[in-house]
Structure formats: C-alpha cells, structure tokens
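All residue numbers refer to positions in the sequence shown, counting from 1. Fair warning: this is a prediction, and the values are worked out from it, not measured in the lab.
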Amino acid sequence: MKKAVYPGSFDPFSNGHLDIVNRASKLFDELHILVSYNINKNNNFSSFERVAMIKKCVSQLNNVTVATYDGLVVNYCQQHGIQVIIRGLRNYSDYENEFNLFQYNRDIAPSIETIFLLPSTKNQFVSSSAIKELIRFDCDITKYVPVEIKQDIISKLKK
C-alpha cells in the first residue's frame, strides 16, 4: 500500500491546498493531511480548528485522513509507514524553501521521498496570508477557500 503525507500549517486551508489534496489522493492508496507545527508562523487557528475545517473539506475522500503533529514530518512518516511527502510549489520562492527542507529530510530519513506538485493555474497565487489580508479589508474570498469553511474562516479572522 502506497502512503503519502501532505504536511502544512494550513492556516487557513485554501482551494490551493484542496487542489493538491484532490490530486494526491488519486495517486496514493492512503493520504494523510498533516497539520504540522511551524516555529516560523503565528497561527490564527488552533490545531484543533484547522483539523476540523480540513475534515469538512475532504469528507468525500475515503482514502484521506487528517491529523496533527508537533514533531518532524519525517518522524511522523516513520511512525506511520509513509514513504512519500507531498509538497505544493506555487513559485520560485516556494521552490527555494522546499528544496532546503527536502535536503534536511533526505539527510534525516533517506528512504522517504518528496514529490512536488504544482497547483492548477487558478490556484497558483492563492496563499493563506493573502486570504487573511483580503478578509481584513472586507474582500470576497469565495474563489480562494472551500465553501464548506468560508464562514468559519471569516468569523474567526473578523474578530
């Protein structure tokens, strides 16, 4: 059975993330969406809130599970028999960051592969930070977030 993990902070989960999930879920028997801790980010949503929102968006995908983990992604992979890490790349700066992370992961766990997926054209520029900014300026985010969680995101970030 081929297993993959798609880690991220997902603060908040966007249509770009969902695009990657939908495509990766077709490539693997089992896909774990991992809400992971990033020391460089200040999250607006708790891990519990992010997991709950993502579950709403992927409930129709039978081979997808959603979890949270505060350690290294490669350690999660080793604990769950996962062979592949999925990462999304939108642009060159994503590539630079992901390439460095890939090198560390390769050093720590050489048997775990990393696969990069590019988002569809309509989602290439979607970012969680841009969604937060749009909400703060009362702009419509309908095109950027799954309908199942749009109101959850707006309610939380409007406070």
Side-chain angles (χ1 to χ4, degrees), residues 3-25 28 30-82 84-91 93-94 97-98 100-102 104-105 108-109 112 114-117 119 122-159:
K3 297 180 183 182
V5 64
Y6 177 40
S9 56
F10 306 117
D11 189 59
F13 194 70
S14 71
N15 283 339
H17 297 129
L18 186 58
D19 177 28
I20 298 294
V21 167
N22 283 326
R23 291 173 35 231
S25 71
F28 295 92
E30 191 176 308
L31 177 66
H32 293 232
I33 301 172
L34 188 63
V35 175
S36 54
Y37 177 69
N38 184 332
I39 62 171
N40 298 315
K41 292 188 178 184
N42 294 321
N43 294 315
N44 293 98
F45 297 89
S46 70
S47 295
F48 176 79
E49 289 171 318
R50 288 178 278 156
V51 166
M53 285 192 293
I54 295 168
K55 283 182 176 180
K56 284 184 188 179
C57 300
V58 301
S59 62
Q60 77 286 0
L61 299 172
N62 296 326
N63 65 333
V64 174
T65 60
V66 185
T68 185
Y69 189 71
D70 289 338
L72 294 175
V73 173
V74 291
N75 291 344
Y76 180 89
C77 290
Q78 291 168 331
Q79 292 168 11
H80 292 86
I82 295 172
V84 177
I85 299 171
I86 302 290
R87 300 299 296 171
L89 293 179
R90 293 170 298 169
N91 52 43
S93 61
D94 280 355
N97 293 331
E98 293 298 336
N100 290 334
L101 186 57
F102 161 76
Y104 284 111
N105 288 339
I108 296 166
I112 298 172
T114 299
I115 294 178
F116 299 109
L117 292 178
K122 68 181 179 179
N123 292 311
Q124 275 187 320
F125 62 92
V126 177
S127 73
S128 295
S129 56
I131 290 167
K132 293 173 195 175
E133 187 172 353
L134 290 171
I135 289 171
R136 288 191 180 102
F137 288 99
D138 294 318
C139 295
D140 183 20
I141 60 167
T142 302
K143 294 190 290 189
Y144 312 118
V145 299
V147 65
E148 297 90 346
I149 61 171
K150 176 184 169 187
Q151 199 53 52
D152 297 333
I153 294 169
I154 292 170
S155 297
K156 176 79 173 198
L157 295 178
K158 278 291 201 177
K159 291 182 181 179

Test of understanding: with side chain to side chain contact (heavy atoms under 4.5 Å, CB included), list the residues that count as partners of A24, not counting sequence neighbours.
L31, I86, L117

Listed partners of F10 passing ring pair (Phe, Tyr, Trp, His ring centres under 6.0 Å), at least two apart:
Y6, F13, H17

Residue pairs fulfilling salt bridge (Lys or Arg N to Asp or Glu O under 4.0 Å) with at least one residue in residues 45-59, sequence neighbours excluded
E49-K156, K56-D152

Nearest 0.5 angstrom please: L18 CG to I33 CD1, how far?
8.0 Å

Heavy-atom pair with the smallest gap, counting every atom of P146 and S14:
CD-C, 3.8 Å

So how far is it from N105 CG to R87 CZ, rounded to the nearest 0.5 Å?
8.5 Å

If the test is side chain to side chain contact (heavy atoms under 4.5 Å, CB included), which one of V84, N63, I82 qualifies with F28?
V84

Check G81 against K3 and note the closest heavy-atom contact, atom names and distance.
O-CD, 3.6 Å

Applying side chain to side chain contact (heavy atoms under 4.5 Å, CB included), can you list everything that pairs with Q124, at least two apart in sequence or on another chain?
P119, T121

Could you tell me the separation between the OH atom of Y144 and the SG atom of C139, rounded to the nearest 0.5 Å?
8.5 Å

Nearest 0.5 Å, please: how far is CD1 in I85 from CZ in F116?
9.5 Å

Would you find a donor on one side and an acceptor on the other, under 3.5 Å apart, between the side chain of T68 and the backbone of V35?
yes

Closest heavy-atom pair, V126 versus G16, reported as atoms and distance to 0.1 Å, is CG1-N, 4.5 Å

Check P12 against I131 and note the closest heavy-atom contact, atom names and distance.
CG-CG2, 4.1 Å

List the residues meeting side chain to side chain donor-acceptor pair (under 3.5 Å) with N44, not counting sequence neighbours, and say none if there are none.
K132

Just verifying a value: how many Å separate I141 CD1 and I149 CD1, rounded to the nearest 0.5 Å?
8.5 Å

Sequence neighbours excluded, which residues qualify as salt bridge (charged side-chain N to carboxylate O under 4.0 Å, His left out) partners of K150?
D140

Qualifying ring pair (Phe, Tyr, Trp, His ring centres under 6.0 Å) pairs, either residue in residues 31-51, two or more places apart:
H32-Y76, H32-H80

Sequence neighbours excluded, every pair satisfying salt bridge (Lys or Arg N to Asp or Glu O under 4.0 Å) that has a member inside residues 59-79
none

Under the side chain to side chain contact (heavy atoms under 4.5 Å, CB included) test, which residues partner A109, sequence neighbours left out?
V74, Q78, I112

Could you list the residues that satisfy side chain to side chain donor-acceptor pair (under 3.5 Å) with N43, not counting sequence neighbours?
none

Mind listing the closest non-hydrogen atom pair of Y69 and L72 along with its distance?
CE2-O, 3.2 Å

Taking all atoms of both residues into account, what is the closest heavy-atom pair of D94 and G88, and its distance?
OD2-O, 4.3 Å

How would you list, by chain and number, every residue that makes a side chain to side chain donor-acceptor pair (under 3.5 Å) with Q60, sequence neighbours excluded?
none

Holding to side chain to side chain donor-acceptor pair (under 3.5 Å), I want the full list of residues that pass it with S9, two or more places apart in sequence or in another chain.
K41

